[in-house]
Every structure is written in C-alpha cells, then in structure tokens.
Amino acid sequence: MDAPDYQLITKSDELAPALAALWASPVIGLDTETTGLDAHSSRLRLLQLGTPERSWIIDLFHFPAGALGPVRELLAAPHPVKVAHNAKFDAKFLLKHAGVRLGGIFDTYLASLLASAGNESDRHSLEAVVQRYLGIQLDKSAQVSDWSGELVGYQLDYAARDAAILLPLREKILERLDEFDLMVAAGIEFECVLPMAEMELAGFYLDSGCWRAQLERVRAAHREASDELQSELGRGASQMSLFDAPPQINLDSPQQVRDALARIGIEVEGTSESKLHKLAREHAVIKRLLEYRSLSKSLSTYGESMLDFIHPVTGRLHADFRQIGSPTGRITCSQPSLQQVPHTVEYRSCFRAPEGRKLVVADFSQIEMRILADFSRDRALTEAFHSGADLHRTTASQMLGVALESVTPAQREQAKSLNYGIVYGMGAEGLANRIDSSVQEAEVLIEKYFAAYPGVDRWLRDAAERAVKEGRSRTASGRLWVYNFDVFDRAQMAQMRRVGKNAPIQGTASDIFKRAMTLVDAGLKEKDAQIVNLIHDEIVVECAEAIAEEVAGIVEGAMVAAGREFLTRIPVIVEAVVSDAWLKK
DNA sequence: TAGAATCGCCAC
DNA sequence: AAACGTGGCGATTCTA
C-alpha cells in the first residue's frame, strides 16, 4: 500500500487546521509510535490521526504536554470515533504521557477477535487483519525501528499508512460484526478498553518483603516434605551396599513417582491429584506427596518469578490483561497471572494497600448460578435466590425434601458440588469422583437435583441440543462462539454438549463483568480510586483510605447495576469489602 | 538442543 | 479413552 497524503506537524500553529478537519470527521484513525512497549519506561514519539482524505503525524518530541491542549480535547471526546488497533496500548501511552483518557474507541483488534467467534487459529495482528479483511499485505518492518531519533521518510510513510488503513478496515469489520449480530458485544468491549488501560498502567501493589517471608516458609516445608518422601520412596529401591545412599527420585517427574510408588506396593494408573486423593487416606506417603506437589507449585509458579515482575519504576505489578482471553469472552491475565494467586491468607495478604490507602474487594455472589436461574426460569431455583437463604443449603433441602435447618454439612457439600458442576455439564462419573461416592449414588443425586430443578434440566438439555444442531452458542450480549469440534468424534461431540451448556452461562457472566468494569470505572472517575485487578467475577479497587467506604458503595452499586442489565428475574448480589489486603476480611 | 507436547495444578 | 467448563504457567518428556 502506498503512503497516503500526510503532513508532519512539529509546530503548534500547524495544529489548528488539522484539528478543524479532524473534528469535522465523524470517524478518525488513530495510531501512536513509541520508543518501546512499556508506557512507564518508554516515550511517546508520534501521534498519527487520519481522516479518509488526509493524515497528520504529530511529533510529540516537539510538544511539551501543555501545548497539546486542543488535541487532548479531541482525543477525550466521544466524537469523533477513534479507530485504533489494540487501542489499550495507545490509551496507556496517551494517559501516561499526555494525560488523556481516550474516548470514543473503536478497536479493530477486539472487533476482529469478536468476528472470529472463538476460532483460535485466526491471527489478529494489524498485518493479519488487514490481509484478511482488505486483502492488502502490510509491511511492518518499520514498527521495530528506532523511534527516538531523527525520523526518516520511510518511518513517516509507515506511520501515516497505519493510521490511514484503519478507516477502511473498520468499514469491512463493521459489515462482519453487523452480519453476525455482534454490535452490542462490540460496544461492551470498546467501552472496557480505557478502564483496562488505566488498570494496567496503575498496576497492583505487592509487598515484596511479605512475599519473600512467605516463600521462605514454603521453602522450608518443601525441603522437609522432599526429604521425607525421598527416604519413604527410596525404601523400595535396590541398594548397592548398606553405605550407599538410595538413588534420588525426581519427585517432579510423574513417571518416576509412579515407578517408585509401584516399588513400595502402591499401584496407580495416573498420578494426578484427583486419582491420588482417594488413596491419601490409606497411604501416608501419598498424602505427603500431595503436600509436596502443592508446595512445589507454590515455589515454581508463585515464587521468585512474581518478584521479577515488580516494575523497577513503579514498584508494582503491571500484568498483561487480554480483554478477550477466551471464546466465552473471559478476560485472562499473564506475566504474571494475577487471576490464579492461591486463595490463602498467606499469599493474598501480601497484595495489600500501600500506606494511607485501602483495597475494596468486590465480587458477584454466585453469578453463574443466577444466570442459569434466569435463563431457565426454573421456579424452585428462582425461589431459592429470592429467599435470600444459603444457596447450597437450600438446594440440599429441596433435593432431599428436608427442612432447611436439618440439612447436614455433608448434604450441603454434595449440593454445592452439584451446583458448581452442573453449569459445566458434569455427569455422574464426574460427580462421583468429586464427592467420593459410587457412580450409582451420584446418578441418584443428579436425578434428585433435576427433580428439584426441572426447569434447569430442561434448559441444559435444550442448550446441549442447540449447540449440536447449530454448532454455535451465544451469550446474552450476543457474543458468538462458532464451534470447531469434529462431529465424527464421539468424545468431541460429548464435549460440544458440555460446552453448549456452559458457554452461554460463562459468557454471559463475562458480559456482565465487562459492563460492571465500565460502570465501576465511570463511577470512580473523579475519585482517588483505581481498579487494580480483575478475577472473572471480582473487582479489586485501590483507593485513598478516607473515601474507602464511599468507594465500596460505588463499586457495589455499579456491579449490581451491570448485573441487572442482563438479569431481570433474579436478584443480583455483590459483596464489597474494605480491607487492608486482598482479602474478603 | 530448542521448541512442542504433555502433565499437573493454580484461579474462577 | 474419558470422565467438569475457561484459562496461564512450570517442569518434564518428546521430537525434529
């Protein structure tokens, strides 16, 4: 593609005519060039803005932040719409280096992801998307050039072209979004971009001293467990002589562990947690092995590596959040994953509010079950939520036909397993495995569950049938997942039925969650408060101590409002707690 | 020997 | 073989 008509702007008197044309355009392309990928340690060099007729390249090295006034106004306004590819990136740099909250975003990256409807083989780089939608091959070689020095012609051509291509690209993707009824879902996604950028830029504070102390405790326990297991498992090994140490077993190798267990007379098919768990009661060595595994996991995944992610400039963790991380629309997080920190006080208390600040930890109460109740219109499940009583206890009471007060803890646990398992399409074997019962007993429990909630039974069967018949599913916002299962493969068909039950529920939960994020962010706009983490149904906000209670109220209200946009028949409950650390008090 | 595949396990 | 859905990640094992 040839370079479009463009003008390089290095003086403030050149801005006015450009701004006049940009304000007059309903949609403009936006791109930035930066000296690196990290907004805290890199600089913003160029801001490219394009109308269909013309592009402008603003060299920000020539503009102190104060001189950008009128441009900031344009960028913050909801109109004109700004088309950008992966706008989160540009939004972070604009926020950090120009103090602008980018408004009116149309993100071609997110749009492309939505339009691909869960097809994970599609790539979504600007290059790939331009190729797919416009049939044009882009040359991206200038992207990684040095953007900190004197700019040369090919860099400016490249910069102008990337902004100009976004407008025709948006047109084509819009056609596809419209064709697939994805406009509502796209709107939800676009509104999340700025909150996501703000969150990543702010980062999540981790007390490194606390974390190191925790690691030391785990290390000691790990050594102890390892020594004990080596001597236990070494017993079965043949020894050269009495004075030779028994050969070391690699406890992290499932193969070696299985062989070692066999030598001391314990035969196992697999060494996974669920298989071993059942044997843990009769064999102390297995119980120890499971403890060892858990400690290993702690050390490897949540060990020093977490500290390596602390940013040298901000002293905080700036994880990478993928806004559409799964086909159901869930957000995922990596480097580090702040969504899988062990749910124990020892770990979570290290994520705490800095001096003078508080964390507000707010999560939806049983949102997926509420969605299931709303979708299925099951009378008993609906009643269970309206009663306000403990869901699992109520489920047990309704299944077993006993009074609420006489439900035993064991019965409640079984009902809980059913409530959680059922939205994943769990079968009798799965339940039996989980609650340590026979398959027959599990079958009886499932029958009782569906007898108590016949509407749920009907909805789940129907969802599975629809999934198979249509080969796709949608969430409440219309988010689409076109399945890629092999219809000639029995196992894959069974999986498709389970996904058909789960995807609309999990996906609607992420619709609600994303709306919640937008509303929370809007509610906190003028406050000294900032979203710092997102975990599927939980939002963590850091704020000034003095306004913590008020912020908790705003967060709770916003999340409830988001839930009510989608659930009309079932109450939405959010628990918001003010805390010094990432704990629900 | 580097990268892919697999296992196992953390979160929701 | 799989058996409960979505992910990320680390260690081991396999493979080209």
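Here is the naming used below: chain letters follow the sequence lines, and residue numbers restart at 1 for every chain.
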Inset, instruction - Hey, which sits more toward the 5' end of DNA chain C by its nearest nucleotide, A:N502 or A:F309? - result: A:N502
Legend entry - side-chain contact (heavy atoms from CB on, under 4.5 Å) involving A:E228 - partner list, sequence neighbours excluded: A:R288
Legend entry - Sugar-phosphate, base or nothing in reach of A:Q492, heavy atoms under 4.0 Å: nothing
Inset, instruction - With sequence neighbours left out, write down each residue that passes side-chain contact (heavy atoms from CB on, under 4.5 Å) with A:R497, or none if nothing qualifies. - result: A:A464, A:E465, A:V468
Inset, instruction - Could you work out the separation of C:dA2 and C:dT6 based on their P atoms and round it to a whole Å? - result: 15 Å
Legend entry - A:R293 side chain near B:dC9 phosphate (N/O to OP1/OP2, under 4.0 Å): yes
Legend entry - Near-ring test A:F513/A:H536, centroid separation under 6.0 angstrom: no
Legend entry - Inter-nucleotide P distance (C:dT15, C:dA1), Å rounded: 16 Å
Inset, instruction - For A:R348, report the nucleic acid contact type (base, sugar-phosphate, nothing); a contact means any heavy atom under 4.0 Å. - result: sugar-phosphate
Legend entry - Close residues, residues 467-481 of chain A, relative to DNA chain C [heavy-atom separation under 4.0 Å]: A:W481
Inset, instruction - Could you tell me the separation between the OH atom of A:Y292 and the C1' atom of C:dG10, rounded to a whole number of Å? - result: 12 Å
Give every donor-acceptor pair under 3.5 Å between a side-chain atom in residues 439-451 of chain A and any protein atom, sequence neighbours left out.
residue, atom, partner, partner atom, Å
A:E441, OE1, A:S438, N, 2.9
A:E441, OE1, A:S438, OG, 3.1
A:Y449, OH, A:N419, OD1, 2.7

Legend entry - Interatomic distance where CZ belongs to A:R322 and P belongs to C:dC9 [whole Å]: 10 Å
Expected list for residues 202-213 of chain A: side-chain donor-acceptor pairs under 3.5 angstrom, two or more places apart:
residue, atom, partner, partner atom, Å
A:D207, OD1, A:G209, N, 3.1
A:D207, OD1, A:C210, N, 3.1
A:D207, OD2, A:R352, NE, 2.8
A:D207, OD2, A:R352, NH2, 2.9
A:W211, NE1, A:Y302, O, 3.2
A:W211, NE1, A:G303, O, 3.1

Inset, instruction - Could you point out which residue of A:L359, A:V541, A:V520, A:V578 forms a side-chain contact (heavy atoms from CB on, under 4.5 Å) with A:V551? - result: A:V541
Inset, instruction - Using whole Å, report how far CD of A:E443 lies from P of C:dC4. - result: 12 Å
Inset, instruction - Kindly point out which of C:dG8, C:dT6, C:dC4 is positioned nearest to the side chain of A:Y424? - result: C:dC4
Legend entry - Rounded interatomic separation in angstrom, taking CD from A:Q495 and P from C:dA3: 7 Å
Inset, instruction - State plainly whether the residues A:K584 and A:E575 are in salt-bridge range, i.e. N to O under 4.0 Å. - result: no
Legend entry - Span that lies between the C1' atom of B:dA5 and that of C:dC4, in whole angstrom: 23 Å
Inset, instruction - Take the protein atom CD of A:E368 and the nucleotide atom P of C:dT6, then report the distance between them rounded to whole Å. - result: 12 Å
Legend entry - Aromatic plane relationship, A:H392 with A:Y420 - under 30° parallel, 30 to 60° tilted, over 60° perpendicular: tilted
Legend entry - Members of residues 325-345 of chain A that approach DNA chain B, where some heavy atom sits under 4.0 Å away: A:R330, A:Q339, A:Q340, A:V341, A:P342, A:H343
Inset, instruction - Tell me which nucleotide among C:dC9, C:dG5, B:dC12 gets nearest to the side chain of A:T301. - result: C:dC9
Legend entry - Proximity to the side chain of A:H536 - top-ranked nucleotide from B:dC12, C:dC4, B:dC10: B:dC12
Inset, instruction - Look at the side chain of A:R479 and the backbone N and O of A:L114, then say whether any donor-acceptor pair between them is shorter than 3.5 Å. - result: no
Legend entry - Between C:dG7 (C1') and A:F321 (CZ): distance, integer Å: 13 Å
Legend entry - Euclidean distance, atom CE of residue A:M496 to atom C1' of C:dT6 [Å, nearest integer]: 17 Å
Inset, instruction - Compare side-chain N and O positions of A:R434 against OP1 and OP2 of C:dA3 and report whether any pair is under 4.0 Å apart. - result: no
Legend entry - Distance, rounded to the nearest Å, where A:E291 contributes CD and B:dC9 contributes P: 13 Å
Inset, instruction - Determine the interplanar angle of the A:H318 and A:H311 rings, folded into 0 to 90°, and report it as parallel if under 30°, tilted if 30 to 60°, perpendicular if over 60°. - result: perpendicular
